[in-house]
Amino acid sequence: MKTNKYDVVVVGAGISGITSALYLARGGKKVILLEKNESAGGLLNSFQMHGFRFEGGARALVNAGLVKPMLEELNINLEMLPNPVTVCVENEHVVANSGKSLYSYSDMLKKLYPGDNEYVEGIITETQKIINDMAVLYGVDNPLFKKTKPVFFVPLLLKWFVKFIHTMYRIKKLNLPFEAYMYKVSKNKSLNDIVGQHFFKNTPAFFALSYFALFQDYIYPEGGVGNFISKLVEKFLELGGEIHYNTKINTIDPSTYSVEDERGERYHFDNLIWAADLKYLYKNIATDRQNKDFSEKKEIILQSKGAESVFTVFMGVDRPPDFFKDFSTGHVFYTPFKRGLLDLKNTEGILKKWDTLSKKEKTEWLKNHCKYNTFEISIPSLRDKTASPDGKTGLIVSWLFDYEITKRIKDEGWYDEFKAMMERYVISLISDHLYTGIEDYILFKLSATPLSIEDRVLSAEGSIIGWSFTQKIPVADHIFNLSNAVKTPIKNIFNVGKWVYSPAGGPTAIMTGRIAAKALLKDK
């Protein structure tokens, strides 16, 4: 049996794991990155089919003052292409490409809801306040993010700090579910759904309302999101790092400072960074039962559940990219009907009576849930023309979907039928209401469900953002606790990624990856 010894073993080659491994290798550590799949990236990946390139996870990157500086710092040459986002409801749309876009969005909502101008103005006012708060935290107002002469730095810092304290107070006030907060501002449930039904249930209000500003911070890597990951892996290997693919870890043993894969190969470490599913870690770790903190944490983690997942349809269309350019940009949030989901958003309700429903009633509910939903549509070749063959276009259409419903359908034996039905229905919906007639030009189609995500990246409940907001969050959920979020009850084991801090996303994964690496390099 082969034995290997490393300064740091990193399990999981998603963006958080790659980030940790990269900075550790750059700092002189002997590092190995272990990945269960045949390639790196996790929920940031691209794949090819029939000459089309698709994103299998995130459709673009949110820069958030992290991605571009990281590439520059690591001397990685990768062009980031513009990724303008279109927000479209019925036949109205606005492109979120500048600070003025928020007011164009306001005009669009007023046109859709002519009797609710007061509610719309309230929503826009609250959104603008949050955008201002983000400028304090991450933008030009923050002296930590700009070059300032020493003589001016302290006065600017003191002035900013007063704003910072006020901002943190507002964030704390806005740390309540988006739905509840919106109902304080607007009593029109349809309007509220249109503004926020593409967010996960009970998303904190601050995080949700800040997203209109984040739309302007979306970027698309030349060659696709997967190319961004490839560049990071190349740099990691260049710095002397080691990576093993198709390596699934079965056992984590802190007493022997080792992990073991399914082939029986052991990897010994001084420190372990777990960049994979947190439930999987706590289920498969062998530890002293006297460690009370660990036992308590394990119970909390295993009882918690991941957030909603997504259903995604990928399709190749025999129409040129310019056909779609007439209707939207390459990244769209589209709601076909302004009615919104309303009670259909309550998937707990349908699950309670699921076993009493006929198959026909279930399929009718599924179609309505789809019909009144909000879709995220990505057209890679409108940002990078190399993403599809000449004269043809690839589309990615996804929407929030419940893991438990998918699982029950599979248990009942009609999973493949369900996927085919949803593919047909969504393509018909998009063809009838947005990209007219594309249904007749479909070259091929395939889909991925929450179960696909669970299987591919071992993400509990197929979650793409970590923990559900409908429960007490079992990990750090305040910016002041971010530096401690990477720690576990076992001293030399760290965890990073979307499961260790909430709300989570790509920027959170990068931040936690860097924090863990910095902590270990500081120990050196």
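Remember, predicted model here, so these are calculated numbers, not experimental data.
With contacts defined as side-chain heavy-atom distances shorter than 4.5 Å, the pair Tyr218/Val62 qualifies. In this structure, the side chains of Gln471 and Pro474 come closer than 4.5 Å at one or more pairs of heavy atoms. A 4.5 Å side-chain heavy-atom check between Leu24 and Leu521 finds at least one atom pair inside the cut-off. Put simply, the side chain of Tyr501 does not reach to within 4.5 Å of the side chain of Asn481, judged on heavy atoms.
Among residues two or more places apart in sequence or in another chain, the ring pair (Phe, Tyr, Trp, His ring centres under 6.0 Å) test is passed with Trp274 by none. Taking the salt bridge (Lys or Arg N to Asp or Glu O under 4.0 Å) definition, one finds that Lys231 meets it with nothing, sequence neighbours left out.
Once rounded to the nearest 0.5 Å, the distance linking CG of Leu34 with CD1 of Ile273 reads 12.0 Å.
The backbone N or O of Tyr280 lies less than 3.5 Å from a partner atom in the side chain of Asn284, making a donor-acceptor pair. Between the side chain of Asn45 and the backbone N or O of Gly42 there is at least one donor-acceptor pair closer than 3.5 Å. A donor-acceptor pair under 3.5 Å is absent between the side-chain atoms of Asn492 and the main chain of Asn271, judged by distance alone. Judged by distance alone, with hydrogens and angles left aside, the side-chain atoms of Asp7 form no donor-acceptor pair with the main-chain N or O of Lys29 at under 3.5 Å. Without hydrogens or angle criteria, Ser463 side chain to Ala460 main chain gives no donor-acceptor distance under 3.5 Å. At least one donor-acceptor pair under 3.5 Å links the side chain of Ser309 to the backbone N or O of Gly462. Panel note: side chain Ser210, backbone Phe207; a donor-acceptor pair is recorded below 3.5 Å. Of the possible donor and acceptor atoms, one in the side chain of Asn63 sits under 3.5 Å from a partner among the backbone N and O of Lys68. No donor-acceptor pair under 3.5 Å is formed between the side chain of Glu308 and the backbone N or O of Leu400. At least one donor-acceptor pair closer than 3.5 Å links the side chain of Asp402 to the backbone N or O of Ile405.
No donor-acceptor contact under 3.5 angstrom links the side chains of Glu454 and Ser459, judged on distance only. Judged by distance alone, the side chains of Tyr6 and Glu242 do bring a donor and an acceptor atom under 3.5 Å apart. Side chain to side chain, Thr406 and Tyr415 fail the donor-acceptor criterion of an N or O pair below 3.5 Å. Side-chain contact check for Ser381 and Ser388: at least one donor-acceptor pair (N or O, by modelled atom type) lies under 3.5 Å. A side-chain donor from one of Arg59 and Thr312 sits under 3.5 Å from a side-chain acceptor of the other. Using modelled atom types and a 3.5 Å distance limit, the side chains of Glu55 and Tyr220 yield a donor-acceptor pair.
Taking the ring centroids of Phe200 and His198, they lie at or beyond the 6.0 Å cut-off.
Checked for salt-bridge contact, Arg266 and Glu260 meet the test: a charged N lies under 4.0 Å from a carboxylate O. Salt bridge Asp270/Lys5: present, at least one basic N to carboxylate O contact under 4.0 Å. For Asp261 and Arg263, the salt-bridge test passes: some basic side-chain N is under 4.0 Å from an acidic carboxylate O. Look at Arg26 and Glu73 and you find a salt bridge, because one of the NZ, NE, NH1 or NH2 atoms lies within 4.0 Å of a carboxylate O, short of that distance. With salt bridges taken as basic N to acidic carboxylate O contacts below 4.0 Å, one links Glu38 and Arg456. In summary, Lys279 and Glu461 engage in a salt bridge, as defined by a charged side-chain N under 4.0 Å from a carboxylate O.
Annotation: Tyr257, atom OH; neighbour count of heavy atoms from other residues, nucleotides and ligands within 6.0 Å does not exceed 12. Residue Lys407 places its NZ atom among 12 or fewer non-hydrogen atoms of other residues, nucleotides or ligands, all under 6.0 Å distant. For Glu299, the CD atom sits in a loose shell: 12 or fewer heavy atoms of surrounding residues, nucleotides or ligands are nearer than 6.0 Å.
Closest approach of Gly513 to Ser20, counting heavy atoms only: O-OG, 2.7 Å. When every heavy atom of Ala448 is checked against every heavy atom of Phe314, the shortest pair comes out as CB-CE1, 4.2 Å. Of all heavy-atom pairs between Ala13 and Ile18, the closest is O-CD1, 3.3 Å. The two residues Leu446 and Met49 have their closest heavy-atom pair at CD2-SD, 3.5 Å. When all heavy atoms are compared, the tightest approach of Ser46 to Val225 is OG-N, 3.4 Å.
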### Task
Begin from the C-alpha positions of Ile252 and Val11 and carry the test side chain to side chain contact (heavy atoms under 4.5 Å, CB included) through to its verdict.
CA-CA 10 Å; Ile252 305 96; Val11 177; over 6 Å; no
### Query
Please walk me through it: do Thr251 and Asp253 pass side-chain hydrogen bond (donor to acceptor under 3.5 Å, both in side chains)?
CA-CA 6 Å; Thr251 306; Asp253 188 351; over 6 Å; no
### Query
Step by step, would you call Thr329 with Arg383 a side-chain hydrogen bond (donor to acceptor under 3.5 Å, both in side chains)?
CA-CA 8 Å; Thr329 58; Arg383 290 160 288 181; over 6 Å; no
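Ring planes of Tyr211 and Phe215: perpendicular class, angle over 60° (limits at 30 and 60°). Ring geometry for Phe444 versus Phe52: interplanar angle over 60°, hence perpendicular rather than tilted (30 to 60°). Under the 30°/60° scheme for interplanar angles, the aromatic rings of Tyr267 and His244 are found to stand perpendicular.
Screening Ile15, Ile219, Leu66 for a side-chain contact (heavy atoms from CB on, under 4.5 Å) with Leu61, the sole residue that qualifies is Ile219.
For the pair Arg53 and Phe47, the NZ or CZ position fails the cation-pi test of under 6.0 Å to the six-membered ring centre and within 45 degrees of the ring normal.
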